[in-house]
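Every heavy atom of this structure was used, including side-chain atoms; hydrogens, water molecules and symmetry mates were not.
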Amino acid sequence: SLSLSPCKIHAFTINLKNSMFGSPVPFSTAAHRVRGLMTIGAAERELKQGEQNPDFVALRACRASVAARLGVDEHTLELSMGMSADFEHAIALGSSNVRVGSTIFGARHYPPQLQDAAAAAQEKAPQ
């Protein structure tokens, strides 16, 4: 898998398409095949009745853009979005994959040293 911010998807798809058709690019795509896009929506997002999650809407738009640039039907690219708290909304917006481990297995319990590191990182994060 490859992680890209939405602003870098355009350049990536241009490079990918160019490499598929023989133009020089900075990486080889012999081992690369775009199968879909994934996002984890912002934590604790409160949606009003009838409101759509902007993270999921943005990923759908990215999929349409990537598909157009690659010349493929957008529905051949999977959307992976939604977790235990918002999977129903994600499915309604077209998700083909959801992550619901917490619903099945319960909340994760992290060792104290990981909790301390996470708390320190959150304190340093820009507000």
Side-chain angles (χ1 to χ4, degrees):
S1 80
L2 176 66
S3 178
L4 298 170
S5 65
C7 63
K8 293 186 179 182
I9 288 176
H10 174 73
F12 172 77
T13 55
I14 289 171
N15 286 340
L16 182 64
K17 185 163 185 161
N18 286 343
S19 69
M20 291 167 64
F21 296 103
S23 298
V25 293
F27 63 91
S28 168
T29 59
H32 295 80
R33 179 174 168 250
V34 177
R35 299 195 60 183
L37 302 171
M38 176 191 148
T39 191
I40 296 175
E44 308 299 323
R45 184 179 297 282
E46 295 290 329
L47 297 174
K48 296 179 180 123
Q49 182 69 27
E51 187 179 8
Q52 294 184 336
N53 184 315
D55 301 317
F56 299 163
V57 171
L59 190 68
R60 245 187 2 195
C62 284
R63 177 180 67 175
S65 175
V66 167
R69 289 188 181 109
L70 294 177
V72 299
D73 182 297
E74 72 178 79
H75 294 97
T76 63
L77 300 175
E78 296 180 17
L79 285 179
S80 179
M81 54 190 191
M83 297 174 74
S84 293
D86 58 6
F87 74 92
E88 291 168 326
H89 184 71
I91 291 169
L93 288 175
S95 184
S96 49
N97 300 289
V98 294
R99 295 164 304 282
V100 293
S102 296
T103 297
I104 297 169
F105 301 109
R108 292 182 183 186
H109 299 284
Y110 297 99
Q113 65 269 28
L114 289 179
Q115 291 176 0
D116 294 343
Q122 192 158 17
E123 286 176 12
K124 292 179 182 178
Q127 299 296 325

For [X], enumerate each residue passing the side-chain hydrogen bond (donor to acceptor under 3.5 Å, both in side chains) test, keeping only those at least two apart in sequence or located in another chain.
X: E78; result: N97
X: T76; result: none
X: S80; result: R99

With sequence neighbours excluded, residues passing side-chain contact (heavy atoms from CB on, under 4.5 Å) with D86: N53, F56, M83
Are F87 and I40 grouped together when hydrophobic residues (ILVMFWY) are joined by side-chain heavy atoms under 4.5 angstrom apart? no
Going only through I, L, V, M, F, W and Y residues with side-chain contacts under 4.5 Å, is there a path from V72 to L59? yes
Donor-acceptor check, side chain of S95 to backbone of M81, threshold 3.5 angstrom: yes or no? yes
Has R63 got a side-chain atom pairing as donor or acceptor with L37's backbone, closer than 3.5 angstrom? no
Please name the pair of heavy atoms, one in L93 and one in L79, separated by the smallest distance, quoted to 0.1 Å. O-CD1, 4.4 Å
Across all chains, not counting sequence neighbours, the salt bridge (Lys or Arg N to Asp or Glu O under 4.0 Å) partners of R60 are none
Can you list every salt bridge (Lys or Arg N to Asp or Glu O under 4.0 Å) pair that touches residues 48-57, not counting sequence neighbours? R45-D55
